[in-house]
Structure formats: C-alpha cells, structure tokens
Amino acid sequence: MKRFVLGALTLLVVAGLVSLGVWQLERRQWKLALIEQVDRRLAAAPAPAPGPALWPRIARSDAYTRVTVRGSFRNDRETLVQAVTELGPGFWVLAPLVTDRGFTVLVNRGFVPTGRKSWARDAAPVTITGLLRISEPKGGFLRSNDPAAGRWYSRDVAAIAAAKSLGTVAPYFIDADATSTTTWPRAGLTVIAFPNNHLQYALTWFTMAALLAGVSLRMALRRKAA
C-alpha cells in the first residue's frame with residue numbers, strides 16, 4: 001500500500017511538471033504571436049487617434065498602434081513623470097493636447113533629464129504621430145503616485161487628468177515619435193521589448209519530469225530485482 005501511494009504521488013508530480021512544460025510552450029506561442037502583431041503595427045501607417053466613440057473598446061491589445069492627431073498643447077497643464085532611459089534619469093513630459101476633433105489626449109512629448117528646468121514648447125497647432133499606449137494606473141514598482149505632492153511614477157491617465165482638472169480625456173496616451181531636432185524633450189525613447197524565455201522554462205519543467213520519472217523507475221526496478 002505504501003509503495004502504491006508513493007507511486008501515485010510520483011505520477012501526479014510528473015504529470016504536474018509535464019503540464020507546466022506544456023503551459024510554457026503555449027505561452028511561447030502566445031508571446032510569438034504578440035511580437036508578430038506589434039511588429040505589424042509598428043510597420044503600419046499611422047491611423048487617426050481613436051475618438052470618444054471608440055474609447056469604450058480600447059484594450060491592452062491596442063497598445064503600440066501607430067496613431068496621428070492634430071491639435072494644440074495646453075502647456076500650462078504639463079505633468080512630469082519620473083523615468084529612467086538610455087539618456088539617464090529624468091522625467092517624461094506629459095502634456096494635454098486639445099485635438100481639432102474636439103477631444104483631449106495626453107501626449108508623452110519625450111524625456112528631459114533631471115535638473116532640466118526649461119524645454120521647447122509648441123504654442124501653435126501641431127501634428128503628433130506616435131504610439132498609442134495604455135494607461136499605467138496607481139504608480140510604479142513599490143512607489144505609488146502622489147498627486148497632491150505632484151510626484152508621479154507612472155503615466156496614470158485618469159489620475160493625471162483629475163489632478164490637472166482636464167475634464168474628460170482619452171483613456172490612453174500617445175508616445176510621440178522621435179524628431180530630427182535635438183532639443184528637449186527628447187521623444188522616440190519608447191522601449192518595446194517582450195522577454196521570451198518560455199522555451200527555456202518548458203525545457204526545465206520537462207527535464208525535471210524526466211529525471212523524477214527516471215529515478216522512480218530505477219528504484220522500482222531495483223525493488224523488483226530484490
């Protein structure tokens with residue numbers, strides 16, 4: 001009876017390890033499809049930024065869609081969000097853009113380094129082309145946004161809109177494309193990376209399952225021979 005229970009438990013563990021390996025392979029397929037989808041979006045021509053009629057259908061799967069919009073910045077309502085980029089520590093400059101279609105959308109105009117007190121601002125209407133990004137609620141890793149103190153660690157669209165009294169805004173923001181100028185803010189620093197280690201994880205689970213099954217089989221054969 002004891003050997004039967006031990007054997008059953010071993011089979012359950014092996015089955016569990018195999019299941020984890022299969023799950024990682026399924027995750028790998030999902031990740032590869034996601035990467036392919038984003039690559040297609042990055043290569044596509046920009047589409048008009050979604051207006052209010054489409055906002056209820058905006059989902060995470062829409063991230064990194066290339067969009068374009070024209071309007072005027074409300075430079076007096078900028079928000080600085082802490083960031084670390086290839087240029088070092090500093091801030092994203094988020095500014096509300098009142099579009100010529102009548103709605104407001106937050107635009108990440110780009111990065112300014114810590115200590116920078118001034119940067120270029122557009123007073124005239126501008127056309128912005130960039131990537132649609134999904135709101136980042138609450139804050140960054142281990143740090144919560146503090147609207148009252150003006151400390152922002154994530155690009156939380158709803159919270160920024162409320163803190164700046166912007167009224168109704170698009171539920172997404174736009175990362176502006178890089179420009180040919182070298183002035184601040186520096187746009188085009190969006191990092192698009194999807195770690196894909198699922199095959200390695202799957203092989204790890206399958207190897208553990210094979211080792212456990214092999215050890216258990218060897219012990220069973222020894223007991224039988226004895």
Side-chain angles (χ1 to χ4, degrees), residues 34-35 38 41-42 49-50 55 58-69 71-99 103-123 126 128-196:
L34 174 64
I35 293 171
V38 171
R41 289 177 179 171
L42 294 176
W55 291 353
I58 296 293
R60 290 199 172 276
S61 57
D62 295 309
Y64 304 110
T65 299
R66 287 182 52 74
V67 297
T68 186
V69 67
S72 299
F73 282 118
R74 298 182 65 181
N75 294 311
D76 60 327
R77 303 295 176 93
E78 288 178 339
T79 299
L80 299 182
V81 180
Q82 286 196 15
V84 177
T85 72
E86 62 188 54
L87 300 178
F91 301 91
W92 298 123
V93 179
L94 263 66
L97 183 80
V98 181
T99 72
F103 65 89
T104 298
V105 59
L106 286 179
V107 174
N108 177 13
R109 295 189 56 218
F111 173 82
V112 294
T114 301
R116 187 82 185 182
K117 301 299 182 183
S118 62
W119 44 85
R121 291 181 172 88
D122 295 300
V126 294
I128 298 295
T129 300
L131 301 177
L132 184 152
R133 301 293 307 279
I134 304 301
S135 180
E136 302 166 344
K138 298 182 180 180
F141 181 66
L142 298 179
R143 294 184 296 183
S144 298
N145 293 326
D146 186 353
R151 297 191 185 95
W152 298 93
Y153 305 102
S154 74
R155 293 163 290 191
D156 185 335
V157 169
I160 291 174
K164 295 293 182 177
S165 301
L166 300 178
T168 302
V169 302
Y172 58 88
F173 64 95
I174 298 173
D175 271 351
D177 280 351
T179 64
S180 58
T181 65
T182 56
T183 58
W184 303 102
R186 198 71 52 79
L189 296 177
T190 305
V191 175
I192 303 175
F194 301 99
N196 187 11

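Considering all non-hydrogen atoms of both residues, V107 and A176 come closest at CG1-CB, 4.3 Å. The minimum heavy-atom distance between A59 and I134, with the atom names listed, is O-CD1, 3.3 Å. The two residues Y64 and T190 make their nearest non-hydrogen contact at CE2-CG2, 4.2 Å. Looking at every heavy atom in both residues, P147 comes nearest to A163 through CB-CB, 4.2 Å. For V105 against A170, the heavy-atom pair with the smallest separation is CG2-CB, 3.9 Å. Annotation for A161 and G167: closest pair CB-O, 4.1 Å, computed over non-hydrogen atoms.
Here the CZ atom belonging to R77 is positioned 15.0 Å from the CG atom belonging to L94, to the nearest 0.5 angstrom. Summarising the geometry, atom CZ belonging to F111 is positioned 9.5 Å from atom CD belonging to E86; distances are rounded to the nearest 0.5 Å. Here the straight-line distance linking atom OG1 of T104 with atom NZ of K164 works out to 14.5 Å at 0.5 Å rounding. We find the CG-CG distance between L189 and N108 to be 9.0 Å, quoted to the nearest 0.5 Å. The OG1 atom of T114 sits 11.5 Å away from the CG atom of L87 when rounded to the nearest 0.5 Å. Atom CG of N75 and atom CH2 of W119 lie 10.5 Å apart (nearest 0.5 Å).
Applying the side chain to side chain contact (heavy atoms under 4.5 Å, CB included) rule to A95 yields the partners F73, E78, R109; only residues at least two apart in sequence or on another chain are considered.
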- [ ] Determine, stepwise, if the pair L80 / V93 fulfils side-chain contact (heavy atoms from CB on, under 4.5 Å).
- [x] CA-CA 5 Å; L80 299 182; V93 179; 3.8 Å; yes
- [ ] In sequence, state the C-alpha distance, the side-chain angles, and the governing distance for T68 and I174, and then conclude on side-chain contact (heavy atoms from CB on, under 4.5 Å).
- [x] CA-CA 9 Å; T68 186; I174 298 173; over 6 Å; no
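Looking at W184 and S118, their side chains never come closer than 4.5 Å, going by heavy atoms from C-beta outward. Residues F91 and R116 are not in side-chain contact: their nearest non-hydrogen atoms beyond the backbone lie 4.5 Å or more apart. Residues V191 and T85 have side chains not in contact (no heavy-atom distance under 4.5 Å, counting atoms from C-beta outward). At least one side-chain heavy atom of L106 sits under 4.5 Å from a side-chain heavy atom of L166.
A side-chain donor-acceptor contact under 3.5 Å links Y172 to the backbone of P50. Judged by distance alone, with hydrogens and angles left aside, the side-chain atoms of R41 form a donor-acceptor pair with the main-chain N or O of A63 at under 3.5 Å. Using a distance-only test at 3.5 Å, with no hydrogens or angles considered, a donor-acceptor pair links the side chain of S135 to the main chain of V157.
Other residues, nucleotides and ligands place no more than 12 heavy atoms under 6.0 Å from the CZ atom of R151.
For residues 139-149, the pairs satisfying side chain to side chain donor-acceptor pair (under 3.5 Å) are Q82-R143, N145-S154, with sequence neighbours left out. Pairs of residues two or more places apart, or lying in two chains, that qualify as salt bridge (Lys or Arg N to Asp or Glu O under 4.0 Å) and include a residue from residues 169-185 are R66-D177, R133-D175, R155-D175.
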